[in-house]
Student: 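Questions regarding the structure given below will be posed in turn.
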Amino acid sequence: MRFSQIPLGTRPAAYAGLAFLHFPVLIIFLYAFTTEDRTYTFPPPGLTLRWFEVAFARDDIWEAMRLSLLVASVSTVAALVLGALAAFALARSRFPGKQTITLLFALPIALPGIITGIALLSAIKLAGFDPGFWTIVAGHTTFCIVIVHNNVIARLRRIPASWVEASMDLGADGWQTFRGVLLPRMAGVFGRWDW
C-alpha cells in the first residue's frame with residue numbers, strides 16, 4: 001500500500017508515529033552542534049561546527065570511514081550475488097530440505113542482530129580464524145543476503161513459468177533467457193526496470 005492510498009483519517013496518526021520515531025534522532029543530531037564539551041541540558045547552550053572540525057582532523061576517524069565504506073561495498077556486492085543466486089535456485093525448484101534452507105536464509109533477520117553477531121563471532125573463533133576485515137564482511141553479508149534473497153525470490157515468483165518456457169522455445173539459451181527475461185524482472189526489485 002502506498003502512502004497516497006492511506007485513508008485521510010489515518011494520515012495524521014501515521015505522521016505522528018513517524019515524528020515520534022524520528023524525534024530522538026533529531027535531538028542527537030542537534031547535540032552534535034553544541035558549543036560545550038559535555039552537556040545534557042535542553043536546549044543546547046549554543047551551536048557550533050567545531051566538533052566536526054575536531055573529528056575530521058583525526059586520522060583514526062578517516063581510517064574508520066574508509067574501512068566502513070570498503071566493508072559496505074564488498075558486502076553489498078557479495079550479498080547481491082549470493083542472494084540472487086540463492087533466490088534463483090529456490091524460486092521454482094522442489095527438493096528435500098528446501099523449507100529448511102529457506103528458514104536458514106530468514107534467521108539472520110529474524111533473530112536480534114546481537115545474537116547473530118555473537119553466534120558468527122563464536123563460529124569464526126571456533127574455526128580458528130582471527131577476526132579481521134573478511135570476518136566483518138562475512139557478518140555484514142550474512143545479514144544483507146536475507147534482504148536480497150527475499151526481494152528477488154518474491155519478484156521471481158511473480159514471473160510466469162511460461163515466459164521462461166517461451167523464451168527457450170523461441171531459441172534462446174539459458175544465458176539469453178536470464179539476460180532478457182529474468183534479469184529485467186529481478187532488477188525491477190530495485191526500481192530500475194520495473195515494467
Student: CZ/Phe23 to CD1/Ile28 distance, rounded to the nearest 0.5 angstrom?
Tutor: 11.0 Å
Student: Which pairs pass ring pair (Phe, Tyr, Trp, His ring centres under 6.0 Å) with one or both residues in residues 53-79, sequence neighbours excluded?
Tutor: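 Applying ring pair (Phe, Tyr, Trp, His ring centres under 6.0 Å) to every pair that reaches into residues 53-79, excluding sequence neighbours, yields Phe56-Trp62.
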Student: Just list the side-chain donor-acceptor pairs under 3.5 Å for residues 118-130, sequence neighbours left out, or say none.
Tutor:
from	atom 1	to	atom 2	distance (Å)
Ser122	OG	Ile118	O	2.9

Student: Under a 4.5 Å cut-off applied to non-hydrogen side-chain atoms, are Phe133 and Ile136 in contact?
Tutor: no
Student: Looking at Leu26, I want to see if its CG is surrounded by more than 12 non-hydrogen atoms of other residues, nucleotides or ligands under 6.0 Å.
Tutor: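 Correct, the count exceeds 12.
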Student: Quick one: list whatever passes salt bridge (Lys or Arg N to Asp or Glu O under 4.0 Å) with Asp59, sequence neighbours left out.
Tutor: none
Student: Going by the ring pair (Phe, Tyr, Trp, His ring centres under 6.0 Å) test, which pairs reach into residues 136-159, not counting sequence neighbours?
Tutor: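 Sorted result for residues 136-159: Phe105-His149.
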Student: How many angstroms lie between atom CD1 of Ile101 and atom CG of Leu90, to the nearest 0.5 angstrom?
Tutor: 6.0 Å
Student: Looking only at non-hydrogen atoms, find the nearest pair between Leu21 and Pro24 and report the distance.
Tutor: O-CD, 3.7 Å
Student: Name each donor-acceptor pair under 3.5 Å that joins a side chain in residues 68-88 to protein atoms two or more places apart or in another chain, with its distance.
Tutor:
from	atom 1	to	atom 2	distance (Å)
Ser68	OG	Ala64	O	3.0
Ser73	OG	Leu69	O	2.8
Ser75	OG	Val71	O	2.7
Thr76	OG1	Ala72	O	2.6

Student: Go through the structure and list residues passing salt bridge (Lys or Arg N to Asp or Glu O under 4.0 Å) with Glu63, not counting sequence neighbours.
Tutor: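 Here the qualifying residues are Arg66.
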Student: Is there a path of hydrophobic side-chain contacts, each under 4.5 Å between heavy atoms of I, L, V, M, F, W or Y residues, that connects Leu30 with Phe20?
Tutor: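 No; tracing contacts between hydrophobic side chains, which count when under 4.5 Å, never links both residues.
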Student: Under 4.5 Å between side-chain heavy atoms, hopping through other hydrophobics if needed: is there a path connecting Ile153 to Ile145?
Tutor: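 They do share one cluster, since a chain of ILVMFWY contacts under 4.5 Å joins Ile153 to Ile145.
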Student: For the residue pair Val146 and Thr142, what are the closest heavy atoms and their distance?
Tutor: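 For Val146 versus Thr142, the nearest heavy atoms are CG2-O, 3.7 Å.
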